[in-house]
**Q** 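What follows is a single structure, and I will ask about it in a moment.
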Amino acid sequence: MSVGIFSATGLSGRTVFITGGAAGIGAAIVRAMCAAGAKVIFADIDAEKARKVTEETAAEFLHIDLMDLDAIAQGLSKCAHVDILVNNAGVDQHAFFTKSRSSDWRDLLRINLEAVFATTLAVLPWMQENNFGRIINISSEAARQGSKGGSVYAAAKGGVLSFTKSIARENARFGITANSICPGPVLTPLLETALVNHGGDKLEAAMKDATLMGRLGTPEEVASLVVYLASNEAGFITGETIGVSGGMGC
């Protein structure tokens, strides 16, 4: 797969760990990283979808439930080391806040935010010891603009942004960078389901109108930026929040 104008050197021989790699943006990141020459390990709860990705690539799959923070640590302990961490996994639940429940908050915060804490805590000692690391967290434009019907999701993803900046500040002296990516409306299986359940063509048209480009993004467009941020060329980029949203909110 092409990674656009970026040369993306330095990925050969690097080990990448990706959460939520079985479908959508995560699967595109797995494919792009494999194409760039990295050793790729990805985690997901959906073993069947993951199997299809492993059949298409040289990636290794770990079956991990990200609701279980101990399982995350145990899964990462099976990796000799991790040079590049991509926290991509995320879940959303469309509901106005007054209709939500504390159990909903727990689930959304656990996967969207606490799992990011757990993976980062597991890999940072390796990165610090080797004076190299790339941490790339997939947040959302909802974190910057809010989300009607997705307040808890937006809050969790907003937490990812501030956490990433803090990790960047704490670890720059170790040669570790940490950056966030905020996708806008990207055509993934998750979005396709949301379109079916919450408005269909009308909602899709509204999403397209919200972007300057007048269209939905693709998972590959997000994956290209992930590959660049993981590369040697991005060594002076850290603590940043970068949108891949077709100009949404511009």
Side-chain angles (χ1 to χ4, degrees), residues 3 6 8-11 13-21 25-26 28-30 32-33 36 38-43 64 66 69 72-73 75-76 79 81-90 109-144 153-184 221-245:
V3 292
F6 308 123
T9 62
L11 294 180
R14 297 290 189 191
T15 298
V16 184
F17 184 82
I18 303 163
T19 64
I25 292 172
I29 295 170
V30 170
M33 285 291 188
K39 175 184 177 181
V40 178
I41 304 167
F42 72 96
I64 298 177
L66 295 180
L69 301 185
I72 295 173
L76 277 162
C79 307
H81 69 282
V82 172
D83 303 299
I84 300 159
L85 171 65
V86 184
N87 282 304
N88 164 77
L109 289 170
R110 177 61 58 90
I111 293 180
N112 291 314
L113 185 57
E114 292 181 33
V116 176
F117 295 166
T119 56
T120 304
L121 183 63
V123 305
L124 271 177
W126 300 328
M127 293 181 176
Q128 291 173 351
E129 183 177 349
N130 288 283
N131 290 302
F132 177 88
R134 298 284 191 265
I135 298 172
I136 304 162
N137 294 326
I138 308 300
S139 180
S140 170
E141 281 294 346
R144 302 200 284 188
Y153 171 80
K157 289 297 190 178
V160 170
L161 299 186
S162 55
F163 175 71
T164 304
K165 288 181 178 292
S166 299
I167 293 301
R169 288 181 176 275
E170 291 181 4
N171 291 279
R173 62 195 174 101
F174 297 106
I176 298 168
T177 67
N179 294 285
S180 298
I181 296 175
C182 288
E221 288 171 315
V222 180
S224 291
L225 179 57
V226 173
V227 171
Y228 172 65
L229 290 175
S231 72
N232 287 343
E233 287 76 14
F236 200 54
I237 301 173
T238 194
E240 300 294 344
T241 300
I242 305 171
V244 183
S245 60

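These figures come from a predicted structure and were not determined experimentally.
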**Q** To the nearest 0.5 Å, how far apart are CG in N87 and CG in N112?
**A** 11.0 Å

**Q** Tell me every residue that passes side-chain contact (heavy atoms from CB on, under 4.5 Å) with I242, counting only those two or more places apart in sequence or in another chain.
**A** L225, L229, E240

**Q** If we ignore hydrogens and angles and just use 3.5 Å, is the side chain of S162 paired with the main-chain N or O of G159 as donor and acceptor?
**A** yes

**Q** On a heavy-atom basis, which atom in I237 and which in N179 lie closest, and how many Å separate them?
**A** O-ND2, 2.9 Å

**Q** By side-chain contact (heavy atoms from CB on, under 4.5 Å), which residues pair with S140, not counting sequence neighbours?
**A** A142, Y153, K157

**Q** Looking at residues at least two apart in the chain, or sitting in another chain, which of them share a ring-ring contact (aromatic ring centres under 6.0 Å, His included) with F132?
**A** none

**Q** How far does NZ of K39 sit from NE2 of H81, to the nearest 0.5 angstrom?
**A** 7.5 Å

**Q** Is any side-chain heavy atom of T164 closer than 4.5 Å to a side-chain heavy atom of T241?
**A** no

**Q** With sequence neighbours excluded, tell me which residues meet ring-ring contact (aromatic ring centres under 6.0 Å, His included) with F117.
**A** F163

**Q** Between I29 and I136, is a side chain to side chain contact (heavy atoms under 4.5 Å, CB included) present by the stated rule, with each step listed?
**A** CA-CA 11 Å; I29 295 170; I136 304 162; over 6 Å; no

**Q** May I ask you to test the C79-T15 pair for a side-chain heavy-atom distance under 4.5 Å?
**A** no

**Q** For a 4.5 angstrom cut-off between non-hydrogen side-chain atoms, does C182 reach L161?
**A** yes

**Q** Report yes if the side chains of V16 and R134 come closer than 4.5 Å at any heavy-atom pair, otherwise no.
**A** no

**Q** Between S139 and S180, is any side-chain donor less than 3.5 angstrom from a side-chain acceptor?
**A** no

**Q** Just do the side chain to side chain contact (heavy atoms under 4.5 Å, CB included) check on V82 and I41 with the steps written out, would you?
**A** CA-CA 9 Å; V82 172; I41 304 167; 5.9 Å; no

**Q** Measure the spacing between CG of L109 and CD1 of I111 and express it to the nearest 0.5 Å.
**A** 10.5 Å

**Q** For the residue pair L66 and A115, what are the closest heavy atoms and their distance?
**A** O-CB, 4.0 Å

**Q** Give me the atom names and distance for the closest heavy-atom approach of A178 to I167.
**A** CB-CG2, 4.1 Å

**Q** Atom CE of M33 and atom CG of L11: how far apart are they, to the nearest 0.5 Å?
**A** 6.0 Å

**Q** Give the minimum heavy-atom separation between G21 and V30, together with the two atoms involved.
**A** O-CG2, 3.8 Å

**Q** Keeping the roles fixed (side chain from T238, backbone from A168), state whether a donor-acceptor pair exists under 3.5 Å.
**A** no

**Q** Could you report the tightest heavy-atom contact between A32 and A223, atom names first, then the distance?
**A** CB-CB, 4.0 Å

**Q** According to side-chain contact (heavy atoms from CB on, under 4.5 Å), who are the partners of A43, at least two apart in sequence or on a separate chain?
**A** F17, I64

**Q** Go through the steps for V116 and T19 under the test side chain to side chain contact (heavy atoms under 4.5 Å, CB included), then give the verdict.
**A** CA-CA 9 Å; V116 176; T19 64; over 6 Å; no

**Q** Supply the atom-to-atom distance D83 CG to W126 CH2, rounded to the nearest 0.5 angstrom.
**A** 10.0 Å

**Q** So, does Q128 use its side chain to make a donor-acceptor pair with the main chain of N171 at under 3.5 Å?
**A** no

**Q** Does a side-chain heavy-atom distance below 4.5 Å link E170 with L124?
**A** no

**Q** Can you name the closest pair of heavy atoms from A122 and P125 and give their distance?
**A** O-CD, 3.7 Å

**Q** How would you list, by chain and number, every residue that makes a side-chain contact (heavy atoms from CB on, under 4.5 Å) with R110, sequence neighbours excluded?
**A** M67, L69, E114

**Q** Measuring from atom CD1 of I135 to atom CG of N137, what distance do you get when rounded to the nearest 0.5 angstrom?
**A** 7.0 Å

